[in-house]
Amino acid sequence: MDCASGKKQGGCAPDRSHQRAGREGESFETLVVPRGEPFSLEHTLLSGQTFRWRKDDGGFVGVVSGNVLWLEQRRNRLLYRSLPGKVDPSELRTYLGLDAASNQALRSLPGDPVLGAAMRNFAGMRVLRQDPWETLVSFIISSNNNIVRIKRCIESLCRTFGHEIRGALGCYAFPSPAALAEASPDCLQQLCNLGYRHTYVRETAREVARSPGLLSDIARLSYLHARTELMRLPGVGPKVADCVLLYSMGKYEAFPVDTWVRKVMQRTYFKDQRVPDSAIRSFAADHFGPFAGYAQLYLFHSAREVWNRR
DNA sequence: ATCCAGGACAGTG
DNA sequence: CACTGTCATGGA
């Protein structure tokens, strides 16, 4: 593929006539969030666990499993529509973390001062269940990188190597493992600005393309076994593996330790002392329990928000 | 200019 | 196992 001609400009520009029609009322589906199941669409989609959602006229637009998906929350009602395929309600609930385990997680986490404050500030934030392949590549790219640039890299990857979604000009699906396995290093590094991570993405794509069932097999393993297997992939260390396990495989005991979480944890629970990440993870397992990952999401998002307000 | 960003990795002690 | 320097890139 020619890098120069592969660059596609312009933002995601879904057909507005459909959208307007939807807002008139005939093509939006409705999902009711039951009472007693705290849910915030905005907190969930802007929490940093996913990178392709953006605000759109009161709601959000994203790409999920090859479909453009519009979402808007009105109290306990969730309005949604998708193109070109249909997303069914149970699939959507699963994606958004509206499941029994997540409800249990939100009830069972300890209410210590720091976590308690984060859970009140971002009430209803949930751990998504995203596509493992997209999550894997996204967090390989995230290493030693900042969020603004991570989003640009991923969007660039999709525009260059993903297929354009029918009926939604400028919206691209996340590229398949085969597409990234065959991508030229120059395209990945220069066009998509992956930097030194381009070999990680390419080599991991080769592995996954070579054995298509790999990620779904890993998802069925126990947390520790799955973690070990993920870390065999190039560019995947403890932190990236935990992100994939938590944000795409429903392993709520995973507790990704990044720079932000490390800071909060050391300040709050280790008297501001430097401790190895392994100590942080084992403390989290003891203190937060089997849903420690939920605590991680709240602590991470909370720490970043506080910092961004300064 | 210098430091840092959702780290991983190879090399030392 | 714990610690260190390095990696490509861009924003602050």
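Naming convention: chains lettered A, B, ... in sequence-line order (proteins, then strands); numbering from 1 in each chain.
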A:E37 vs A:R126, test: side chain to side chain contact (heavy atoms under 4.5 Å, CB included). Steps then yes/no. CA-CA 11 Å; A:E37 295 190 18; A:R126 289 182 179 247; 3.9 Å; yes

Can you tell me which residue among A:F51, A:F139, A:Y252 is in a ring-ring contact (aromatic ring centres under 6.0 Å, His included) with A:Y247? A:F139

From CZ of A:R149 over to P of C:dC7, roughly how many Å is that when rounded to an integer? 16 Å

Taking 4.0 Å as the cut-off, does a side-chain nitrogen or oxygen of A:T259 come that near to OP1 or OP2 on B:dC4? no

Pick the C1' atom in B:dC3 and in C:dC7, then give their distance to the nearest Å. 16 Å

Name the residue from A:T44, A:L297, A:T135 that meets the side-chain contact (heavy atoms from CB on, under 4.5 Å) definition with A:L128. A:T44

Roughly, in whole Å, what's the span from CZ in A:R232 to P in B:dC9? 13 Å

Give A:V257 one of three labels, base, sugar-phosphate or nothing, depending on what nucleic acid heavy atoms sit under 4.0 Å from its own. nothing

May I have the distance from A:K151 (atom NZ) to B:dG6 (atom C1'), rounded to whole angstrom? 12 Å

Both A:F139 and A:M231 contact DNA chain B. Which one's nearest nucleotide lies toward the 5' end? A:F139

note: A:N145, atom CG; C:dG10, atom C1'; distance rounded to Å ~ 9 Å

Please report, rounded to the nearest Å, how far the C1' atom of B:dG7 is from the CZ atom of A:R197. 9 Å

Side-chain donor/acceptor contact of A:Y196 with base of B:dG7 under 3.5 Å: yes

Answer yes when A:D88 and A:K86 have at least one side-chain N-carboxylate O distance shorter than 4.0 Å, and no when they do not. no

May I ask you to say what A:Q296 touches in the nucleic acid, namely base, sugar-phosphate or nothing, with a heavy-atom cut-off under 4.0 Å? base

Can you measure A:N144 atom CG to C:dC7 atom P for me and round it to whole angstrom units? 12 Å

Could you tell me whether A:R232 and A:E207 have a side-chain N and a carboxylate O separated by less than 4.0 Å? no

Whole-Å distance separating the CG atom of A:D277 from the P atom of B:dG7: 10 Å

B:dG6 versus C:dG5 - spacing of their P atoms, nearest Å: 23 Å

Return the value, rounded to whole Å, for the distance between atom CG of A:D186 and atom C1' of C:dA8. 14 Å

Decide, applying a 5.5 Å centre-distance limit and a 30° plane-angle limit (both strict), whether A:Y200 stacks on B:dA8. no

Please work out if A:V240 contacts a base, only the sugar-phosphate, or nothing of the nucleic acid, heavy-atom cut-off 4.0 Å. sugar-phosphate

